[in-house]
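A quick write-up on the structure given underneath.
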Amino acid sequence: MGRDKDDNTEIDSVVPWMRAPVDVSNVENCALETLPCLNPKLKKALENMGISSLFPVQVAVWHETIGPGGFERDICVNSPTGSGKTLSYALPIVQILASRPVRCLRALVVLPTRDLALQVKDVFDAIAPVVGLSVGSAVGQSSIAGEIAQLIKTPKLDAGICYDPEDLSQNLESAVDILVATPGRLMDHINNTKGFTLEHLRYLVVDETDRLLREAYQSWLPTVLQLTQTSDDGLFPSFTPFVPSAFGSLRTVRRQSVERGFKGKPYPRLVKMVLSATLTQDPSKLIQLDLHHPLFMTTGGSRYRLPEKLECLRLICETGMKPVYLVALLKSWEGEKCIIFTSSVETTRRLCKLLNFFGDPKIKAKEYSGGLNQSVRSKELKAFRKGDIQVLVASDALTRGMDVKGVTNVINYDMPPFAKTFIHRAGRTARAGQAGRCFTLLSNHEVRRFSKLLKKVGSDSCPIYPIPPTSLDSIRATYTPALEKLKELVESEAPKKGRQAFRHNSRTGNSQTKLNKPRSEA
Ligand SMILES: Nc1ncnc2c1ncn2[C@@H]1O[C@H](COP(=O)(O)OP(=O)(O)OP(=O)(O)O)[C@@H](O)[C@H]1O
């Protein structure tokens, strides 16, 4: 297994501007009544969402954007999972855009996955329309034609008159002020959609930054930066010819949305906000963002921080008996929502089947992984949100950002490969100040490696969770037939190679964990 280069805890290797951060842990919650300058319509919308005060990271960002900071610097936020980062950028962007009612694409939010993008769109949808702003998504949920119809306003045509298509394309306008996108679909629109332009863009949010910077995703970031570049003197847009598209060169003519630059100098620039619970400190990655006098906001002095009310626990399992321990845990909860993380798509699928083969009516599991097609994934997630499913077995496709209310327990069925993976998996519970527990199932040989990982994530306590031997014994009896059923299923499905692997793993007692190489965030 490779090492994540960015997975170290060395704080002295960081870029200079990260060495003097704003410490969000010194900031208090702020009641909406006392939040300076908050648009009354937005206040009402927040109250309708059940929000009566802003969380510390939201208050800190508010001060640097709407408050005295005045968006003069680009903002980099490293704040724990579930601390409310989405609203920390959505609220100031919506408040500022609402002050100038012109319909054009002025804010772009990019996220790595479709489900995550739709979740963030929901937050914008809850606050933007009340101040007259329109929010769109480019995530591949509908056909490209459907998306274009949602994003681009076509002029009304008079009946009986012939129009030149070229003239018409000149008159196309954005139907949205804010766009939430995944990189792939964003690039589709940049390259192919008539009337889609970033020339008016004022705000670019890169959420889950370290995840997005890890892969090129069709060079979406350099493309967006180039399309929104202004010349050095700030007076004229740069006319660098760009990759040719179906509609000619992608040149940008960014409008003169004059803003204050650093130290009050007025000039047009694209404001960037980048956020993560595990923000990268790798200079070679950060440089790609071309940040403008970045202001670093973090929580506490350590690199990573777990949510305050998260309890970490571990179970040391007998070889080959992990499923038995898992079922014992699940049986003890009854009805509490739980996510079980595995190391690969294949393990996710097989573990989910195996759990259902136990035949316990209280344990009905569904799977969520990159191995399923997107519509099935989204359907299972919806059912889990609604509470129709209590147990979701997931690959690391669900690790980042997903916000499901009422998840009280997370289980690492397979030990997370990196500290970052632990942070994001565990962070699916204990969100928004709520309590939650993260269990990690370990074999004896994993104990040392897990202790090292815990040090990295700053957890000083992870006691052993005791499972009474009697409850294990009763489950052992149902384990063998369940495993037999799984074996039959695998043999009926798998090609020869897969069968051999399964037999081998059954003999060695690792039927669930060693069938596939772990794939990060599959
Ligand atoms: N001011 C607030 N008051 C109450 N609940 C809030 C507030 N702000 C956000 N929340 C809730 O907190 C939860 C977590 O918010 P959000 O998803 O933005 O966290 P995050 O910091 O982006 O987490 P992650 O790093 O896992 O993506 C959401 O359910 C959201 O509705």
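Both counts, for ligands and for their atoms, begin at 1 and track the order of listing. The shown structure was predicted, so the numbers you read here are calculated from the model rather than taken from an experiment.
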Check your understanding: Does ligand 1 have a heavy atom under 4.0 Å from the side chain of Thr86, from its backbone, from both, or from neither?
Key -> both

Check your understanding: Considering only protein heavy atoms, which is closest to atom 31 (O) of ligand 1, and at what distance to one decimal place?
Key -> Lys405 NZ, 3.6 Å

Exercise for review: Please say whether Arg428 places an N or O atom under 3.5 Å from an N or O atom belonging to ligand 1.
Suggested key: yes

Exercise for review: For ligand 1, indicate whether the residue Pro80 contacts it via side chain, backbone, both or neither (heavy-atom separation under 4.0 Å).
Suggested key: backbone

Point to revise | Protein heavy atom at shortest distance from atom 9 (C) of ligand 1 | key: Gln58 NE2, 3.6 Å

**Study point:** Evaluation steps, side chain to side chain donor-acceptor pair (under 3.5 Å), between Tyr304 and Asn78
**Key:** CA-CA 8 Å; Tyr304 301 131; Asn78 184 57; over 6 Å; no

Review point. Just one of Arg437, Glu336, Gln434 clears the side-chain hydrogen bond (donor to acceptor under 3.5 Å, both in side chains) bar with Thr408, so which one?
Key: Glu336

Exercise for review: List the closest protein heavy-atom neighbour of atom 14 (C) of ligand 1: residue, atom name, distance to the nearest 0.1 Å.
Suggested key: Asp403 OD1, 3.5 Å

Study note, to complete from the structure: The residue among Asn412, Asp414, Thr421, Thr348 that forms side-chain hydrogen bond (donor to acceptor under 3.5 Å, both in side chains) with Ser343 is Asp414

Practice item. Starting from atom 10 (N) of ligand 1, locate the nearest protein heavy atom and write down its residue, its atom name and how far away it is, to 0.1 Å. Key: Phe55 CE1, 3.7 Å

Check your understanding: Between Asp210 and Thr278, do the side chains contain an N or O donor and an N or O acceptor separated by less than 3.5 Å?
Key -> yes

Practice item. Check Ser88 against ligand 1 and report side chain, backbone, both or neither, counting heavy atoms closer than 4.0 Å. Key: neither

Exercise for review: Could you go through the ring-ring contact (aromatic ring centres under 6.0 Å, His included) check for Phe439 and Trp333 one step at a time?
Suggested key: CA-CA 13 Å; Phe439 298 81; Trp333 293 334; 5.3 Å; yes

Review point. Looking only at protein heavy atoms, which one is nearest to atom 23 (O) of ligand 1, and how far off is it?
Key: Gly82 N, 2.8 Å

**Study point:** Ala20: partners by side chain to side chain contact (heavy atoms under 4.5 Å, CB included), with sequence neighbours left out
**Key:** none

Practice item. Of the side chain and backbone of Met402, name the one, both, or neither that has a heavy atom under 4.0 Å from an atom of ligand 1. Key: neither

Exercise for review: Using a strict cut-off of 4.0 Å, indicate which atoms of ligand 1 neighbour a heavy atom of Leu54.
Suggested key: 1 (N)

List, one per line, each side-chain donor-acceptor pair under 3.5 Å for residues 28-45, sequence neighbours excluded.
unit_1	atom_1	unit_2	atom_2	d
Thr34	OG1	Ala31	O	3.0
Asn39	OD1	Lys41	N	2.8
Lys43	NZ	Glu47	OE2	3.1

Check your understanding: So which protein heavy atom does atom 15 (O) of ligand 1 come closest to, and at what separation?
Key -> Gly84 CA, 3.6 Å

Check your understanding: For ligand 1, which part of Met49 has a heavy atom less than 4.0 Å away: the side chain, the backbone, both, or neither?
Key -> neither

Point to revise | Nearest-contact summary for atom 1 (N) of ligand 1 - protein heavy atom, Å | key: Ser53 O, 2.8 Å

Review point. Quick one: do the Gln119 and Arg114 side chains pair a donor with an acceptor below 3.5 Å?
Key: no

Point to revise | Candidate pair Asp403 and Arg428, rule salt bridge (Lys or Arg N to Asp or Glu O under 4.0 Å), full reasoning | key: CA-CA 7 Å; Asp403 184 65; Arg428 296 318 100 211; over 6 Å; no

Point to revise | Distance from atom 12 (O) of ligand 1 to nearest protein heavy atom, with residue and atom | key: Ala432 CB, 3.2 Å

Exercise for review: Look at the aromatic rings of Phe71 and Tyr203 and report parallel, tilted or perpendicular, splitting at 30° and 60°.
Suggested key: tilted

Exercise for review: Determine, considering heavy atoms only, which of Arg400, Arg431, His424, Lys85 sits nearest to atom 26 (O) of ligand 1.
Suggested key: Arg431

**Study point:** Ile51 neighbourhood, listing ligand 1 atoms whose heavy-atom distance to it stays under 4.0 Å
**Key:** 1 (N), 2 (C), 3 (N), 4 (C), 7 (C)

Exercise for review: Would you mind listing which atoms of ligand 1 come within a distance below 4.0 Å of any non-hydrogen atom of Glu208?
Suggested key: 27 (O)

Check your understanding: Going through the distances and angles, do Met273 and Ile93 end up as a side chain to side chain contact (heavy atoms under 4.5 Å, CB included)?
Key -> CA-CA 10 Å; Met273 302 178 82; Ile93 287 177; 4.1 Å; yes

